[in-house]
2 protein chains.
Amino acid sequence: MRKPRRSGKVTLSDVAAAADVSAITVSRALRNPSVVSDDALARIEKAVADLGYVPNLAAQALASKRTNVIGALIPSVTNNVFSDVLRGIYDAIHGTRFQLQLGNTRYSAMEEEKLLLTFLSQRPAGLIVSGIDQSRTARTLLETADCPVVQIMETGPDPVDMMVGFSHLDAARAAVEHLIAAGYSRIAFLGARMDPRTQRRLQGYRQALEQAGLHDESLVVTTPQSSSISLGAHLLGDLLARRPDADAVFCNNDDIALGTLFEAQRRRIPIPGALGICGFNDLEMMQTAWPSLTSVRTHRSGMGQDAVAMLISAIEGRRPDNPVVDLGFEVMARESTRRSPMA
Amino acid sequence: MRKPRRSGKVTLSDVAAAADVSAITVSRALRNPSVVSDDALARIEKAVADLGYVPNLAAQALASKRTNVIGALIPSVTNNVFSDVLRGIYDAIHGTRFQLQLGNTRYSAMEEEKLLLTFLSQRPAGLIVSGIDQSRTARTLLETADCPVVQIMETGPDPVDMMVGFSHLDAARAAVEHLIAAGYSRIAFLGARMDPRTQRRLQGYRQALEQAGLHDESLVVTTPQSSSISLGAHLLGDLLARRPDADAVFCNNDDIALGTLFEAQRRRIPIPGALGICGFNDLEMMQTAWPSLTSVRTHRSGMGQDAVAMLISAIEGRRPDNPVVDLGFEVMARESTRRSPMA
DNA sequence: TTCAAACATGATAGCGCTAACATTGTCAAC
DNA sequence: GTTGACAATGTTAGCGCTATCATGTTTGAA
């Protein structure tokens with residue numbers, strides 16, 4: 001006879017033996033205590049504690065064909081935008097039976113495909129993906145995944161399944177319209193990374209300026225480098241070298257806006273008198289900065305929360321009435337775009 | 001006869017049938033292609049592609065008693081410090097066979113225990129935990145877990161297994177000594193959250209000032225609230241209400257330092273002439289701020305990277321020579337603590 | 001020619017758990 | 001006292017994969 005492949009670990013049947021019941025009773029006691037007699041329950045609980053039993057998730061998943069795993073793919077863990085989304089996800093998942101499996105795509109479609117495969121091999125209960133620009137392959141994987149899927153960050157015309165986001169194009173256009181209304185006319189665009197959402201913000205910028213007859217492509221300064229505060233400072237330098245007459249900057253995100261502010265201060269450029277600054281996302285620092293910085297408020301943790309809520313509803317069979325949720329945005333006008341110079 | 005509980009999914013034996021080999025050969029082909037003939041391999045690869053086979057991780061884990069899961073517990077996903085650590089972890093894990101399972105403890109020991117149990121039920125290959133102040137229960141769980149464990153963020157005398165970090169006390173003391181050397185004498189401490197690492201930084205602050213005969217507890221302003229830039233602004237307000245004569249602030253972290261800077265600018269307090277500012281962690285913004293802000297550089301992504309590297313070594317049986325790695329710190333002296341007022 | 005080593009593949013038996021059905025005992029209703 | 005509804009528990013057979021041992025087939029050196 002072969003020797004059994006036992007691991008030193010305590011299993012369900014060890015608990016069952018110790019509590020003098022069958023394995024299935026222990027299984028029931030753990031998952032649905034109300035169907036087990038108080039007497040048996042007490043013995044089982046004691047045995048679990050005595051033996052230090054920890055259930056084996058792999059075996060659970062295999063036997064029940066279900067997992068509690070919600071997979072989420074985000075492009076960056078350091079970008080404040082995504083860490084806020086992530087906080088929302090964790091907040092909503094907290095206290096439920098689900099657990100999060102996080103994947104970091106690093107803004108790469110190939111990484112996204114690879115991670116998707118890894119996630120699918122866990123048979124997740126639901127999936128969250130960022131953006132609406134999945135590769136053809138990734139999209140097919142998502143469509144054939146037999147679990148609900150939510151795309152977050154953006155809304156678009158063709159959801160894989162569900163969506164929570166907002167229109168980056170509209171948000172950018174509203175911000176630029178605010179700058180125009182404030183009296184600025186040579187409004188630059190400072191952008192980094194240039195991922196699809198950034199591209200759509202650039203599009204919104206162009207639309208607003210074209211409509212006002214103010215569009216001038218030489219005011220657009222972009223770089224594929226990833227965004228940072230110091231990069232914002234450099235981008236302002238690049239802009240002013242080329243167009244010293246620019247009178248406002250619409251920054252692709254708040255880090256760049258803050259870098260712009262610092263660089264302007266360093267150059268003794270009065271804000272907002274000589275230069276208006278508008279960011280994007282409205283991170284917490286924007287209102288505390290001096291001068292406070294105009295930005296477009298987006299509902300980042302809300303997107304995470306709603307995504308999880310929609311997912312859980314769908315997993316439990318209650319599909320939301322509307323599969324596409326637009327959380328909107330708000331232009332937060334502050335000192336940095338108030339034309340009269342500060343006291 | 002009962003009907004089999006088949007899930008519509010493609011399994012190993014489906015692939016085996018399609019490739020006209022046995023299941024175990026497919027298994028080998030997938031895990032270790034070199035032991036399978038080229039001929040069989042080709043047929044198997046074709047079958048996998050044709051059928052869209054995705055292996056079932058739960059079954060793999062159950063049968064092999066191994067997983068590729070590295071679990072990491074961090075107290076916050078929004079705090080920049082931890083997102084940098086997380087980036088380091090992802091960087092180091094990228095390209096290996098391991099995948100990360102992330103848990104967010106929200107600075108709660110109870111949450112940490114719960115997550116630890118969840119993680120252990122996945123039989124992870126390794127674990128990363130933050131800090132050295134685990135609860136008694138958590139510590140026991142970690143000690144009895146049959147996988148390597150790395151504690152990160154801090155070093156201390158009594159590792160569960162391995163450690164990567166630095167001394168927060170020494171780092172804070174060095175920062176305060178720098179302030180003293182720069183000529184400041186009424187040096188305040190601004191602290192938020194007051195988690196164990198913050199407490200030890202406060203201790204370092206006290207030691208440095210006591211040694212210089214400058215310690216004065218009324219200069220210590222703390223709050224249990226979680227840290228933010230606007231909180232930094234408020235803390236400076238609180239300090240100045242109580243001690244308008246303070247001439248420098250050692251901020252528990254960079255967010256508070258930046259908030260302090262903004263608030264000082266708002267109040268037209270010359271930095272560094274009337275007030276020196278020193279932060280902690282040296283986030284990227286510190287050198288770009290105007291004036292640039294002194295801070296203590298810590299090796300956040302390095303901690304994440306080293307933790308993963310040590311873990312993987314240990315998993316593969318090569319335990320590192322030294323289980324405790326001290327990554328140190330550097331005081332980055334900048335404009336905000338340079339006593340002569342800026343031009 | 002022979003035999004062992006190396007190679008390629010297969011049969012079998014679990015891993016630890018749960019779904020599905022089966023059994024037993026209890027109690028109220030007729 | 002029979003019936004059936006219900007509650008509590010048990011038996012059995014997998015879930016999809018891999019460890020282990022077994023078998024057949026080739027190769028090359030003696």
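Only a predicted model underlies this, so the values are computations on that prediction, with no experimental measurement involved. Lettering follows sequence order; numbering is per chain, from 1. Side chains included, hydrogens not; waters and symmetry mates left out as well; all remaining heavy atoms used.
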Undergrad: Which heavy atom in A:F98 sits nearest to a heavy atom in A:A125, and how many Å separate them?
TA: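 Where A:F98 meets A:A125 most closely, the heavy atoms are CE2-CB, 3.9 Å.
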Undergrad: So if I take every side-chain heavy atom of A:A40 and compare against D:dT9, C:dT9, D:dG16, which nucleotide ends up nearest?
TA: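 Per side-chain heavy atoms of A:A40, the pick is D:dT9.
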Undergrad: Rounded to the nearest 0.5 Å, what's the gap from CD on B:Q122 to CG on A:N56? Could you check?
TA: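 If I round to the nearest 0.5 Å, the distance is 10.0 Å.
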Undergrad: Looking at D:dC15, I'd like to know if its phosphate oxygens (OP1 or OP2) sit under 4.0 Å from a side-chain N or O belonging to A:R123.
TA: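 For A:R123, the contact criterion (side-chain N or O under 4.0 Å from OP1 or OP2 of D:dC15) is not met.
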Undergrad: Whole angstroms only, please: what is the CG-P distance between B:L62 and C:dA13?
TA: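 So the two atoms are 18 Å apart, to the nearest Å.
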Undergrad: Rounded to the Å, how far apart are B:N32 CG and C:dA8 C1'?
TA: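 Rounded to whole Å, this separation is 13 Å.
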Undergrad: Please tell me which of B:A59 and B:S22 maps to the more 5' nucleotide of DNA chain C, matching each residue to the nucleotide holding its nearest heavy atom.
TA: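 Taking each residue's closest nucleotide, the earlier one in sequence belongs to B:S22.
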Undergrad: With a 4.0 Å limit, can you tell me whether A:T11 has a side-chain N or O closer than that to the phosphate oxygens OP1/OP2 of C:dG16?
TA: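 Checking C:dG16 against A:T11, no side-chain N or O comes under 4.0 Å of OP1 or OP2.
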Undergrad: From CG of B:L57 over to C1' of D:dC17, roughly how many Å is that when rounded to an integer?
TA: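 Rounded to the whole Å, the gap is 11 Å.
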Undergrad: Is any side-chain N or O of B:T25 closer than 4.0 Å to OP1 or OP2 of C:dG10?
TA: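 Yes.
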Undergrad: Quick one: do B:E154 and B:D133 satisfy side-chain contact (heavy atoms from CB on, under 4.5 Å)? Show the steps, please.
TA: CA-CA 10 Å; B:E154 257 190 287; B:D133 304 276; 3.9 Å; yes
Undergrad: Determine the contact category for A:A58: base if any of its heavy atoms lies under 4.0 Å from a base atom, sugar-phosphate if only primed atoms, P, OP1 or OP2 are that close, otherwise nothing.
TA: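 Counting heavy atoms under 4.0 Å across all strands, no contact is made by A:A58.
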Undergrad: For B:L102 and A:Y90, which heavy atoms make the closest approach, and how far apart are they?
TA: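 B:L102 and A:Y90 have their closest heavy atoms at O-OH, 3.1 Å.
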Undergrad: Is the distance from OP1 or OP2 of C:dC17 to the nearest side-chain N or O of A:K65 less than 4.0 Å?
TA: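 Answer is no, no contact under 4.0 Å.
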Undergrad: Within the structure, does a side-chain N or O atom of A:R28 lie under 4.0 Å from either OP1 or OP2 of C:dA19?
TA: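 A:R28 to C:dA19 OP1/OP2: no side-chain N or O under 4.0 Å.
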Undergrad: Looking only at the side chain of A:R66 (C-beta and beyond, no hydrogens), which of the listed nucleotides D:dT9, C:dA19, C:dC17 gets closest?
TA: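 Per side-chain heavy atoms of A:R66, the pick is C:dA19.
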Undergrad: C:dT18 phosphate, OP1 or OP2: any side-chain N/O from A:Q60 under 4.0 angstrom?
TA: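 It does, given that an N or O in the side chain of A:Q60 lies less than 4.0 Å from OP1 or OP2 of C:dT18.
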Undergrad: Distance check needed: C:dG14 C1' versus A:K9 NZ, whole Å only.
TA: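 Interatomic distance, NZ of A:K9 to C1' of C:dG14: 19 Å.
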Undergrad: Would you say a side-chain N or O of A:S27 is under 4.0 Å from OP1 or OP2 of C:dT18?
TA: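 It does, given that an N or O in the side chain of A:S27 lies less than 4.0 Å from OP1 or OP2 of C:dT18.
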Undergrad: Establish, with yes or no, whether the OP1 or OP2 oxygen of D:dT9 is under 4.0 angstrom from a side-chain nitrogen or oxygen of A:S37.
TA: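 So the side-chain polar atoms of A:S37 do come within 4.0 Å of the phosphate oxygens OP1 or OP2 of D:dT9, strictly under.
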Undergrad: Looking at A:R106 and B:D91, does any basic side-chain N land under 4.0 Å from a carboxylate oxygen?
TA: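 So A:R106 pairs with B:D91 through a salt bridge.
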Undergrad: May I have the distance from A:I24 (atom CD1) to D:dT9 (atom P), rounded to whole angstrom?
TA: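 Spelled out: CD1 on A:I24 to P on D:dT9 is 13 Å.
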Undergrad: Can you tell me the distance, in whole Å, between the CG atom of B:D39 and the P atom of D:dT26?
TA: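 My rounded result for the distance is 13 Å.
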Undergrad: Taking only Lys NZ, Arg NE, NH1 and NH2, and the carboxylate oxygens of Asp or Glu, determine whether B:D146 and B:K65 approach each other closer than 4.0 Å.
TA: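 No, B:D146 and B:K65 are not salt-bridged.
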Undergrad: From CD1 of A:I44 over to C1' of D:dT9, roughly how many Å is that when rounded to an integer?
TA: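 One finds 10 Å between C1' of D:dT9 and CD1 of A:I44, rounded.
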Undergrad: Could you pick out which residue, B:V21 or A:R31, lies toward the 5' side of DNA chain C when each is mapped onto its nearest nucleotide?
TA: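 Result: B:V21.
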Undergrad: In whole angstroms, how far is the P atom of D:dC17 from the CG atom of B:L30?
TA: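 One finds 9 Å between P of D:dC17 and CG of B:L30, rounded.
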